[in-house]
Peer 1: 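If you scroll down you'll find the structure; I have some questions about it.
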Amino acid sequence: MALLDDYEKFVGPEVVYELELYASKLSGVIVKNINSTKVGGGVAEILTRMIPILKELRVNAHWDVIKGDDRFFEVTKKMHNALHGQNMKFTQEEIDIYLDTNERNADQMELNGDILFIHDPQPCALIRRKKKGEQKWIWRCHIDFSNPDPFTWNFLKEYIEQYDLSIFSAPSFARELNIPQVLISPSIDPLSDKNKDLPQETIDSVLERFNIDKKRPIVTQISRFDYLKDPVGVVKVYHRIRKYIDCQLVLAGGGATDDTEGAKVLSEVEEITANDPDIFLLLLPPSSDMEINALQRASTVILQKSLKEGFGLTVAEALWKSKPVIAGAVGGIPLQIAHKYSGLLTHSLDGTAFALKQLLQNPSYAKMLGENGHNHIRKNFLITRHIRDYLLLFLSLLHKKEDIVYL
Ligand code: UDP
């Protein structure tokens with residue numbers, strides 16, 4: 001198959017053959033994905049790449065996005081923060097906004113198909129339209145569920161438990177639920193504009209466009225401007241090490257349509273970075289995959305100083321480019337980084353500053369971490385592994401045991 005064959009050079013022909021074999025048992029099966037944004041953030045990133053591959057495999061995959069007004073996305077952002085551990089109280093009005101918006105979307109969408117694949121909390125209450133019958137509903141959680149606010153968790157749990165199955169990204173997110181839970185980690189696509197190899201001229205031209213000096217070290221964090229990505233902490237780390245080492249800081253990130261807090265976080269970052277010619281705050285439009293790829297490839301060290309993280313695709317993207325990464329030891333990040341082997345995990349501002357100084361001063365150590373990281377991503381976090389996990393899951397949900405092929 002045209003598109004799939006191109007993955008052989010990364011994973012070998014057996015993996016592609018295996019995908020074709022599983023998919024042949026699912027030919028014509030309709031899988032409808034529903035999330036809350038077409039652009040920005042990891043879920044949209046994955047679906048954009050995965051849907052065409054599933055289609056090529058003749059799985060009838062679709063992707064719809066729920067619609068909501070600002071109030072709805074303010075409520076779901078609050079819910080998102082609460083599920084990440086912040087103590088929040090919801091008014092009855094907010095709960096009504098959440099449920100009514102889900103209800104309106106259910107009226108407007110065709111909730112048909114063999115598998116309804118619902119992503120994250122925003123559209124979770126669509127489950128109220130589940131009918132008795134063959135249709136299977138999956139709830140796929142992409143966020144860090146290690147310590148959710150109890151009220152919000154109990155509210156959402158009532159809906160989650162109506163699904164046939166739930167998927168989480170890391171073992172630490174497993175919760176007490178009366179439905180099966182499956183662990184499937186996200187992935188990156190080595191052939192996407194975000195991750196494919198780039199000629200040096202393209203990388204240089206992106207640096208030139210943003211006036212970044214390619215001769216001096218570049219420290220980068222790519223992320224939405226979100227408190228949980230701690231961009232303010234990144235600037236503080238930079239201020240600490242800048243006294244000793246000449247380097248530049250790039251903070252690049254656009255918004256997501258379901259993230260209403262971005263502007264506020266950005267203005268806080270602007271305040272503490274004003275007038276520093278070596279700090280580049282880049283507000284990128286949604287179609288900036290090539291630019292992000294180039295910035296990651298041009299970087300000396302990549303940071304992902306998250307305070308909470310479902311998985312952290314940006315970590316996988318950086319490691320794929322063999323870059324040394326320093327990241328918060330939270331959520332799904334430790335699945336990607338074995339400390340001092342495929343990157344450095346940190347727990348504090350001081351720790352991150354120390355690690356950054358160490359990597360900027362020790363390029364051969366930094367190189368070794370990046371190379372190990374690349375291999376780890378190749379073996380575990382490419383999109384082919386992710387699709388394999390999903391195909392096997394669909395088979396186990398839809399077919400009788402005797403139809404399943406064991407290799
Ligand atoms: N991203 C992007 N543009 C931006 C910021 C981020 O395309 O301005 C991408 C980033 O490269 C990654 C995804 O969005 O592929 C973010 O996924 P991640 O899991 O790191 O975090 P999330 O935003 O889902 O919390």
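In listed order, ligands and their atoms are each counted from 1. Numbering starts at 1 and runs along the sequence shown.
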Peer 1: Suppose the criterion is ring pair (Phe, Tyr, Trp, His ring centres under 6.0 Å): which pairs have a residue in residues 280-325, not counting sequence neighbours?
Peer 2: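 Output for this query lists F10-W320, F311-F381, W320-H374.
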
Peer 1: Checking the side chain of E261 only, and the main-chain atoms of K77 only, is there a donor and an acceptor separated by less than 3.5 Å?
Peer 2: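 Looks like no, no N/O pair under 3.5 Å.
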
Peer 1: Is S223 close to ligand 1, meaning an N/O of one under 3.5 Å from an N/O of the other?
Peer 2: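 It does not: no N or O of S223 is found under 3.5 Å from an N or O of ligand 1.
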
Peer 1: Taking 4.0 angstrom as the limit and counting only heavy atoms of K194, give me the atoms of ligand 1 inside it, by number and element.
Peer 2: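 Once the distances to K194 are compared, the set is 2 (C), 7 (O), 9 (C), 10 (C), 11 (O), 15 (O).
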
Peer 1: Take every heavy atom of Q304, measure it against each atom of ligand 1, and state whether any distance is under 4.0 Å.
Peer 2: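 Q304: no contact with ligand 1 (<4.0 Å).
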
Peer 1: Among V315, V39, T314, which one puts a heavy atom closest to atom 10 (C) of ligand 1?
Peer 2: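 Answer by nearest heavy atom: T314.
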
Peer 1: Checking side chain to side chain contact (heavy atoms under 4.5 Å, CB included) for the pair F151/N87: CA distance, chi angles, key distance, verdict?
Peer 2: CA-CA 9 Å; F151 171 85; N87 220 307; over 6 Å; no

Peer 1: What are the atoms of ligand 1, with element, lying closer than 4.0 Å to any heavy atom of I292?
Peer 2: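 Those qualifying, in numeric order: 2 (C), 3 (N), 4 (C), 7 (O).
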
Peer 1: Backbone or side chain, does any N or O of G42 fall under 3.5 Å from an N or O of ligand 1?
Peer 2: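 It does: an N or O of G42 is found under 3.5 Å from an N or O of ligand 1.
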
Peer 1: Does ligand 1 have any atom sitting under 4.0 Å from a heavy atom of S288?
Peer 2: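 Outside the 4.0 Å threshold, so no.
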
Peer 1: Under 6.0 Å between ring centres: does that hold for F168 and F145?
Peer 2: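 F168 vs F145: aromatic centres under 6.0 Å.
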
Peer 1: Counting heavy atoms only, name the option from K229, R224, E291 that's nearest to atom 21 (O) of ligand 1.
Peer 2: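 It is K229 whose heavy atom sits nearest to atom 21 (O) of ligand 1.
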
Peer 1: Sequence neighbours left out, what passes side chain to side chain contact (heavy atoms under 4.5 Å, CB included) with Y365? Give chain and number order.
Peer 2: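 Residues passing side chain to side chain contact (heavy atoms under 4.5 Å, CB included) with Y365: K340, L344, Q358, L359, N362, M368, L369.
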
Peer 1: Of Q304, Q296, K323, which is the lone residue that meets side chain to side chain donor-acceptor pair (under 3.5 Å) with E317?
Peer 2: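 Single side chain to side chain donor-acceptor pair (under 3.5 Å) partner of E317 among Q304, Q296, K323: Q296.
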
Peer 1: At a non-hydrogen distance cut-off of under 4.0 Å, which region of E317 contacts ligand 1 (side chain, backbone, both, or neither)?
Peer 2: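 The answer is the side chain.
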
Peer 1: Can you name the atoms of ligand 1, numbered from 1 with element, that are less than 4.0 Å from a heavy atom of G312?
Peer 2: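 In order of numbering, the contacting atoms are 19 (O), 20 (O).
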
Peer 1: Considering distance alone, does some N or O of G40 sit under 3.5 Å from an N or O of ligand 1?
Peer 2: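 In fact, backbone or side chain, G40 has no N or O that close.
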
Peer 1: Test side chain to side chain contact (heavy atoms under 4.5 Å, CB included) on I383 and Y7 and set out the steps.
Peer 2: CA-CA 9 Å; I383 196 162; Y7 291 89; 3.7 Å; yes

Peer 1: Got an N/O contact under 3.5 Å between Q296 and ligand 1?
Peer 2: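 Between Q296 and ligand 1, no N or O pair is found under 3.5 Å apart.
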
Peer 1: Between E158 and N154, is there a side-chain donor-acceptor contact under 3.5 Å, judged purely by atom types and distance?
Peer 2: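 No, because no side-chain N or O of N154 sits under 3.5 Å from a partner of the opposite role on E158.
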
Peer 1: If you measure every N or O of G254 against every N or O of ligand 1, does any of those distances drop under 3.5 Å?
Peer 2: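 There is such a contact, yes.
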
Peer 1: Are K196 and D193 close enough for a salt bridge, meaning some N to O gap below 4.0 Å?
Peer 2: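 Yes, this pair counts.
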
